[in-house]
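First the structure, in the form of structure tokens, and then the observations on it.
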Amino acid sequence: DFRDPDALSGYILSDHTLSCFERIAKGLKEQSGQRAWRITGNYGSGKSSFSLFLARWFSGQELPLQIRKAIDSRQFTKIKPYFVPVLITGSREPLGLAILKALHYYVSKLYVNGRKPSLLVELESCLQSKKEVADDQIINLVLEVSSKIITDDKGKGLLLILDELGKFLEFSALYPERQDVYLLQRLAETASRSAEKPLFVVGLLHQGFSTYADQLSQSGQREW
């Protein structure tokens with residue numbers, strides 16, 4: 001939907017939507033720590049549409065007329081956003097692997113011409129490896145991609161949107177030896193500390209964390 005110019009046609013910004021937008025937009029301040037968010041709501045409550053609106057606005061794209069009439073983003077922030085959205089839809093696979101796939105896809109789109117960046121080669125190597133990639137390496141690659149696009153003036157940072165986040169949590173609950181849910185905390189902490197090289201992380205869930213952990217042992221549930 002991100003590439004469909006009509007995907008937000010008819011989208012209505014409710015008071016709650018505006019409130020969420022205002023809170024997330026505060027993260028654009030240079031030293032803000034408000035850059036990691038979880039949005040939880042029932043099916044059909046508008047989470048994915050809101051994330052599409054966020055992705056469009058953060059990327060600097062022009063929004064549909066009815067949205068521009070309903071909101072003046074300058075009342076929330078004077079900073080004009082120019083971010084690279086990394087959009088990920090959940091599936092039953094390790095979250096870390098999905099992030100690497102998405103980073104590879106978007107980096108390859110940004111660097112079509114000329115010599116292949118060494119960062120893209122590193123991402124390909126990780127994806128082709130038969131070993132699970134460590135969380136530390138995944139976090140470092142997220143930061144390296146963010147830093148490179150800022151250095152090369154391709155954006156002011158990354159907006160990482162994890163739609164259907166519950167699918168990743170289901171996988172983590174089924175196969176804790178392959179994916180530790182702690183990676184989410186690492187991502188949130190990294191985003192909150194990203195300072196002048198902004199990284200935003202937004203996760204979309206249908207229900208609370210505890211619901212996905214109900215089949216775990218008591219100690220596992222406490223850790224979640």
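Along the sequence shown, residues are numbered consecutively beginning with 1.
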When you measure from the side chain of S192 to the backbone of A188, do you find a donor-acceptor pair of N or O atoms at a distance under 3.5 Å?
yes
Could you measure the distance from the OG atom of S9 to the CD1 atom of I67? Nearest 0.5 Å is fine.
9.0 Å
Determine yes or no for a side-chain-to-main-chain donor-acceptor pair under 3.5 angstrom, with Q61 supplying the side chain and R56 the backbone.
no
Please confirm whether the backbone N or O of G96 pairs with a side-chain atom of Q179, one donor and one acceptor, at under 3.5 Å?
yes
Tightest non-hydrogen contact, residues E144 and L119, listed as OE1-CD1, 3.3 Å
Roughly how far apart are L95 CG and I138 CD1, rounded to 0.5 Å?
7.5 Å
Taking C126's backbone N and O only, do any of them form a donor-acceptor pair with S129's side chain (distance below 3.5 Å, no angle check)?
no
Looking at R23, I want to see if its CZ is surrounded by more than 12 non-hydrogen atoms of other residues, nucleotides or ligands under 6.0 Å.
no
N/O donor-acceptor pair under 3.5 Å between S45 side chain and N42 backbone:
yes
Decide side chain to side chain contact (heavy atoms under 4.5 Å, CB included) for L205 and L169; before the verdict, give the C-alpha distance in whole Å, the side-chain angles of both, and the deciding distance to 0.1 Å.
CA-CA 10 Å; L205 278 170; L169 297 180; 3.7 Å; yes
Quick one, Y11 and T17 - any side-chain contact, counting heavy atoms below 4.5 Å?
yes
State, without any angle test, whether Q34 and S32 hold a side-chain donor-acceptor pair at a distance under 3.5 Å.
no
Evaluate whether atom NZ of K29 has more than 12 neighbouring non-hydrogen atoms of other residues, nucleotides or ligands under 6.0 angstrom away.
no
Could you tell me whether the side chain of R35 and the main chain of A195 form a donor-acceptor pair under 3.5 Å?
yes
Would you call Y106 and L158 a side-chain contact if the rule is heavy atoms closer than 4.5 Å?
no
How about F209 and L184: do any of their side-chain heavy atoms sit closer than 4.5 Å?
yes
Stepwise, does the side-chain hydrogen bond (donor to acceptor under 3.5 Å, both in side chains) test hold for S146 with K197?
CA-CA 7 Å; S146 181; K197 293 185 177 181; over 6 Å; no
Check whether more than 12 heavy atoms from other residues, nucleotides or ligands sit under 6.0 Å from atom CG of D214, and answer yes or no.
yes
Close side-chain approach of I88 and F168, heavy atoms under 4.5 Å
yes
For the CD1 atom on I12, are there more than 12 heavy atoms of other groups (residues, nucleotides or ligands in this structure) within a distance under 6.0 Å?
no
Less than 4.0 angstrom from a charged side-chain N to a carboxylate O is my criterion; do D163 and K47 meet it?
no
Give the intermediate values and the outcome of side chain to side chain contact (heavy atoms under 4.5 Å, CB included) for residues L97 and V133.
CA-CA 8 Å; L97 177 60; V133 181; over 6 Å; no
Over 12 non-hydrogen atoms of neighbours within 6.0 angstrom of CD in E132
yes
Would you find a donor on one side and an acceptor on the other, under 3.5 Å apart, between the side chain of K154 and the backbone of K148?
no
Nearest heavy-atom contact between I149 and G157 is CD1-O, 3.2 Å
Please report the closest heavy-atom contact between L8 and S49, naming both atoms and the distance.
CD2-O, 3.9 Å
Within the 4.5 Å heavy-atom criterion, are H206 and E164 side-chain neighbours or not?
yes
Close side-chain approach of L28 and F83, heavy atoms under 4.5 Å
yes
Y212-W224 aromatic ring centre distance below 6.0 Å
no
Separation of L162 CG from W37 CH2 (nearest 0.5 Å)
15.5 Å
Please find the pair of heavy atoms, one from Y82 and one from S59, that lie closest to each other, and give the distance.
CD1-O, 4.0 Å
Taking C-beta and beyond as the side chain, do V145 and V84 meet within less than 4.5 Å on heavy atoms?
no
Roughly how far, to the nearest 0.5 Å, is CD of Q185 from OG1 of T190?
10.0 Å
For D1, does the CG atom sit with more than 12 other heavy atoms under 6.0 Å from it, leaving out its own atoms?
no
For F2, I'd like to know if atom CZ has over 12 heavy atoms of other residues, nucleotides or ligands within 6.0 Å.
yes
Atom pair OG (S172) and NZ (K167), whose distance is rounded to the nearest 0.5 Å
14.5 Å
Scanning both residues in full, the closest heavy-atom pair of A102 with V86 reads CB-CG1, 3.6 Å
For D153, enumerate each residue passing the side chain to side chain donor-acceptor pair (under 3.5 Å) test, keeping only those at least two apart in sequence or located in another chain.
none
Does the side chain of F50 come within less than 4.5 Å of I39's, by heavy atoms?
yes
